[in-house]
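Just below is one structure, and these are the notes that go with it.
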Amino acid sequence: MDLTTLLADLGSPAPAGLVDRVLASTGPADSWVLVDGPAGPLMVAFSDHGISYVLAGADDAELSQQVRARLDRGVRRVQTPPAGLVPALRTGRTRQLRFDLRGRTPFEQEVLAAALRIPRGEVRSYAWVAAAIGRPGAVRAVGSALGRNPVPVVIPCHRVVRSDGQVGDYVWGSELKRTILTAEGLDVEEVERLGAAGVVYTGSDTTHIFCVPTCRDARRTTPAHTVRFRSAAAATAAGYRPCLHCEPIPTAA
DNA sequence: CTGACAGTAGGCC
DNA sequence: GGCCTACTGTCAG
């Protein structure tokens with residue numbers, strides 16, 4: 001039984017803020033800071049283990065409610081962000097960030113780690129993520145795992161789109177997904193348009209590449225935008241080359 | 001145990 | 001070309 005239920009069972013609703021004060025004094029509590037995100041303010045909660053929860057906006061009551069529901073912990077506001085967070089949001093370099101993903105399944109942690117490798121201003125497909133973690137058939141499960149990402153934006157699940165170029169769904173709604181991608185410098189409409197036209201490199205043998213349609217290298221090395229390749233070998237034979245920004249993903253042994 | 005879900009590819013018309 | 005379906009991991013009912 002969680003604390004909220006316990007207090008409710010005492011016969012009267014808990015006064016506003018009581019649960020947080022009790023948790024902060026007797027139970028586990030994370031810190032949280034208000035920072036600027038790519039598309040508005042972000043509330044970022046963190047523990048000794050790392051960043052644990054992210055919510056868009058500045059409604060601290062909403063944040064404490066969600067952290068309580070999903071992490072069973074309280075939160076208290078602090079002024080000092082965890083090391084590396086602000087520069088990471090500014091530059092996109094998340095390498096030195098630490099995350100508190102306790103409670104996530106191993107599968108979910110693998111999916112989130114793969115999403116973390118997608119550079120800012122680029123996108124990859126759900127199939128790319130599935131191949132990257134060695135489970136090419138788990139495309140749908142990848143979507144579900146990303147949908148439960150406790151730290152959106154910081155772990156960029158918004159950079160995972162459908163293989164046909166459509167942006168797909170998002171924890172905070174597909175409109176916000178588009179807004180964030182646009183703020184990161186991606187031409188979302190062009191991704192959709194070229195994706196629909198088949199500008200996707202998909203390898204069934206040794207590589208699996210979703211070429212960012214707006215990537216300059218991809219454009220420069222691609223003589224036409226209307227050809228879909230079933231394999232990297234076929235693309236090479238036709239004089240196409242994969243985008244330099246898109247690292248090949250080895251298929252699972 | 002079933003069904004639902006941020007998806008995809010292959011088979012069949 | 002378009003429709004149908006099996007497939008994956010997790011969770012709610």
Side-chain angles (χ1 to χ4, degrees), chain A residues 1-2 4-5 38-39 53-56 66-72 101-118 122-182 184 186 188-189 191-213 225-235 246 248-249 251-253:
Chain A
M1 173 183 299
D2 67 283
T4 308
T5 313
Y53 202 78
V54 174
L55 184 62
Q66 291 196 18
V67 169
R68 202 181 308 130
R70 291 201 42 188
L71 304 182
D72 199 25
L101 299 178
R102 290 174 294 170
R104 301 291 94 202
T105 66
F107 176 83
E108 288 174 334
Q109 296 192 24
E110 282 189 78
V111 168
L112 295 176
L116 200 54
R117 288 166 35 199
I118 307 172
E122 299 185 16
V123 287
R124 299 289 186 277
S125 67
Y126 290 94
W128 183 94
V129 175
I133 63 174
R135 298 160 183 269
V139 180
R140 193 151 190 189
V142 164
S144 299
L146 291 173
R148 288 189 294 272
N149 176 15
V151 289
V153 179
V154 187
I155 291 182
C157 56
H158 58 278
R159 295 180 194 146
V160 184
V161 301
R162 293 170 42 146
S163 290
D164 62 2
Q166 296 294 116
V167 296
D169 222 328
Y170 188 51
V171 225
W172 298 336
S174 55
E175 277 312 303
L176 194 47
K177 187 174 185 174
R178 302 175 69 94
T179 302
I180 295 171
L181 286 171
T182 301
E184 292 185 338
L186 188 77
V188 175
E189 289 187 8
V191 169
E192 292 174 334
R193 188 169 57 77
L194 296 179
V199 188
V200 181
Y201 297 77
T202 56
S204 56
D205 45 10
T206 58
T207 58
H208 187 109
I209 305 168
F210 188 104
C211 229
V212 183
H225 294 156
T226 55
V227 182
R228 175 188 290 265
F229 296 103
R230 281 273 161 242
S231 72
C246 306
I249 297 300
T251 50

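So you know, we letter chains A, B, ... as the sequences are listed, proteins then strands, and number each from 1.
A/Leu112 has its CG atom 13 Å from the C1' atom of B/dA6, to the nearest Å. Between the P atom of B/dA4 and the CZ atom of A/Arg140 lies a distance of 10 Å, rounded to the nearest Å. Here B/dA9 presents its P atom at 11 Å from CZ of A/Arg162, a figure rounded to the nearest Å. Atom OH in A/Tyr126 sits about 9 Å away from atom P in B/dA6, given to the nearest Å.
The side chain to side chain contact (heavy atoms under 4.5 Å, CB included) search around A/Thr182 returns A/Val188, not counting sequence neighbours. Residues meeting the side chain to side chain contact (heavy atoms under 4.5 Å, CB included) test with A/Arg140, sequence neighbours left out: none. With sequence neighbours left out, the side chain to side chain contact (heavy atoms under 4.5 Å, CB included) criterion links A/Val171 to A/Pro152, A/Cys157. Among residues two or more places apart in sequence or in another chain, the side chain to side chain contact (heavy atoms under 4.5 Å, CB included) test is passed with A/Glu110 by A/Ile133, A/Arg135.
Shown here for A/Ala130 and A/Ala138, the closest heavy-atom pair between the two residues is CB-C, 4.2 Å. For A/Trp172 against A/Leu55, the heavy-atom pair with the smallest separation is CZ2-CA, 3.8 Å. Scanning all heavy atoms of the two residues, the minimum distance from A/Val160 to A/Ile118 falls at CG2-CD1, 3.8 Å. For the pair A/Arg162 and A/Gly168, the tightest heavy-atom approach, listed with the atom from each and the gap, is CD-CA, 3.8 Å. Of all heavy-atom pairs between A/Leu101 and A/Pro150, the closest is CD2-CG, 4.0 Å.
Using C1' as the reference atom, B/dA9 and C/dT10 are 23 Å apart when rounded to the nearest Å. Distance noted for atom C1' between C/dC3 and B/dA6: 22 Å (whole Å).
Taking a heavy-atom distance under 4.0 Å as the criterion, the stretch of DNA chain C touched by chain A extends 5' to 3' from C/dC7 to C/dT10.
When distances run from any side-chain atom of A/Asp169 to the nucleotides B/dT8, B/dG7, B/dA6, the shortest one goes to B/dA6.
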Its dot-bracket string being built from Watson-Crick and G-U pairs below 3.5 Å, with | for another strand and [ ] for crossing, DNA chain B has the pattern |||||.|||||||

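Using a 4.0 Å heavy-atom distance criterion, A/Ala138 is classed as a sugar-phosphate-only contact. Backbone-only engagement by A/Thr105 is indicated by non-hydrogen atom pairs under 4.0 Å involving sugar-phosphate atoms exclusively. Within 4.0 Å of A/Val171, counting heavy atoms only, lies at least one base atom of the nucleic acid.
For residues 165-181 of chain A, the pairs satisfying salt bridge (Lys or Arg N to Asp or Glu O under 4.0 Å) are A/Arg178-A/Glu192, with sequence neighbours left out. Applying the side-chain hydrogen bond (donor to acceptor under 3.5 Å, both in side chains) test to residues at least two apart or on different chains, the pairs with a partner in residues 145-154 of chain A are A/Glu108-A/Arg148.
Annotation: proximity of residues 142-150 of chain A to DNA chain B (heavy atom, distance under 4.0 Å) is found for A/Gly143, A/Ser144, A/Leu146, A/Gly147, numbered in ascending order.
Donor-acceptor pairing under 3.5 Å, judged by distance alone, is absent between the side chain of A/Tyr170 and the base of B/dA6.
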